[in-house]
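Structure, as C-alpha cells:
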Amino acid sequence: MDVPVFAGMVAAVVFATANLPMVWKALRTHDVGSYSLGSIVMINGANAVYSLYVFSLPFGPIWLLHSFYLVASAIMLVLCLQQFHARGRTGTPGTPTSRPRSRIASVSG
C-alpha cells in the first residue's frame, strides 16, 4: 500500500470517528435544536453534488469517507425535519404559535 492511500485511510477513520459522537447523540436524544435546518439542507445538497465527483474516482478511502458523510448528514436532516415538523405542530416554546396573544383591555368611559 502506498503512502497517499494509507494516509487517506487514516484520515477517513479519524474524520468519521470525530463525527460519531455528534451523530450518536442526535440519534439517542432526537434533540437537534442547536443545528440550523438551512445549514443541514445545504450540506446534504453539497454532498449530493460532490458525490458525482467522488464516485467517479477509483474506489478508495475517499469513497468510504464520503459515504459516511452522506449517511451522517442524511440522518441529521431527517432528525431536523422531524423536530421542525413537531415544533410547528405542537407549538413548543420559542415558536411563533406558542407566544401568548396580547389582549388590549378595553377602557370604558
Side-chain angles (χ1 to χ4, degrees):
M1 181 180 309
D2 58 351
V3 173
V5 173
F6 180 73
M9 289 174 55
V10 170
V13 169
V14 171
F15 281 124
T17 303
N19 279 290
L20 280 176
M22 172 192 69
V23 175
W24 178 248
K25 182 178 179 183
L27 279 170
R28 191 172 30 97
T29 65
H30 290 267
D31 180 17
V32 289
S34 63
Y35 296 99
S36 163
L37 178 60
S39 177
I40 298 291
V41 168
M42 286 178 32
I43 288 168
N44 277 272
N47 275 337
V49 173
Y50 191 56
S51 293
L52 297 173
Y53 168 69
V54 169
F55 296 128
S56 73
L57 299 172
F59 181 77
I62 190 68
W63 276 47
L64 301 175
L65 180 60
H66 187 64
S67 296
F68 173 82
Y69 281 145
L70 283 172
V71 171
S73 63
I75 289 169
M76 296 301 288
L77 179 61
V78 167
L79 292 174
C80 281
L81 288 173
Q82 285 176 343
Q83 189 164 347
F84 181 77
H85 183 261
R87 280 186 182 166
R89 199 166 21 108
T90 61
T92 57
T95 60
T97 58
S98 67
R99 292 188 184 126
R101 296 181 184 177
S102 63
R103 294 185 180 173
I104 300 174
S106 62
V107 179
S108 58

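Keep in mind the model is a prediction, meaning the values are calculated, not measured.
- Under the side-chain contact (heavy atoms from CB on, under 4.5 Å) criterion, Met42 pairs with no residue at all, not counting sequence neighbours.
- Both Leu64 and Leu70 sit in one connected hydrophobic cluster of ILVMFWY residues. Membership requires side-chain heavy atoms under 4.5 Å apart, directly or through other members.
- Evaluation of the side-chain contact (heavy atoms from CB on, under 4.5 Å) rule for Thr29 yields Lys25, Asp31 as partners, not counting sequence neighbours.
- No path of Ile, Leu, Val, Met, Phe, Trp and Tyr side chains, each step under 4.5 Å between heavy atoms, connects Met9 with Leu20, placing them in separate hydrophobic clusters.
- No side-chain heavy atom of Tyr69 sits under 4.5 Å from any side-chain heavy atom of Ile43.
- Summarising the geometry, atom CG belonging to Leu65 is positioned 14.0 Å from atom CH2 belonging to Trp63; distances are rounded to the nearest 0.5 Å.
- Leu37 CG to Met76 CE: the interatomic distance, rounded to the nearest 0.5 Å, is 11.0 Å.
- Applying the side-chain hydrogen bond (donor to acceptor under 3.5 Å, both in side chains) rule to pairs touching residues 33-58 yields Asn44-Ser73, Asn47-Ser73, Ser51-His66, sequence neighbours excluded.
- Here the closest non-hydrogen pair linking Cys80 and Ile40 is SG-CG1, 3.9 Å.
- Residues satisfying the side-chain contact (heavy atoms from CB on, under 4.5 Å) test with Val10, not counting sequence neighbours, are Phe6, Val14.
- One hydrophobic cluster holds both Phe59 and Ile62 under the rule that ILVMFWY side chains link at heavy-atom gaps under 4.5 Å.
- Applying the 4.5 Å side-chain rule to ILVMFWY residues, one finds that Leu52 remains a lone member of its cluster.
- Ile75 is linked by a side-chain contact (heavy atoms from CB on, under 4.5 Å) to Val23, Leu27, Val71, Leu79, counting only residues two or more places apart in sequence or in another chain.
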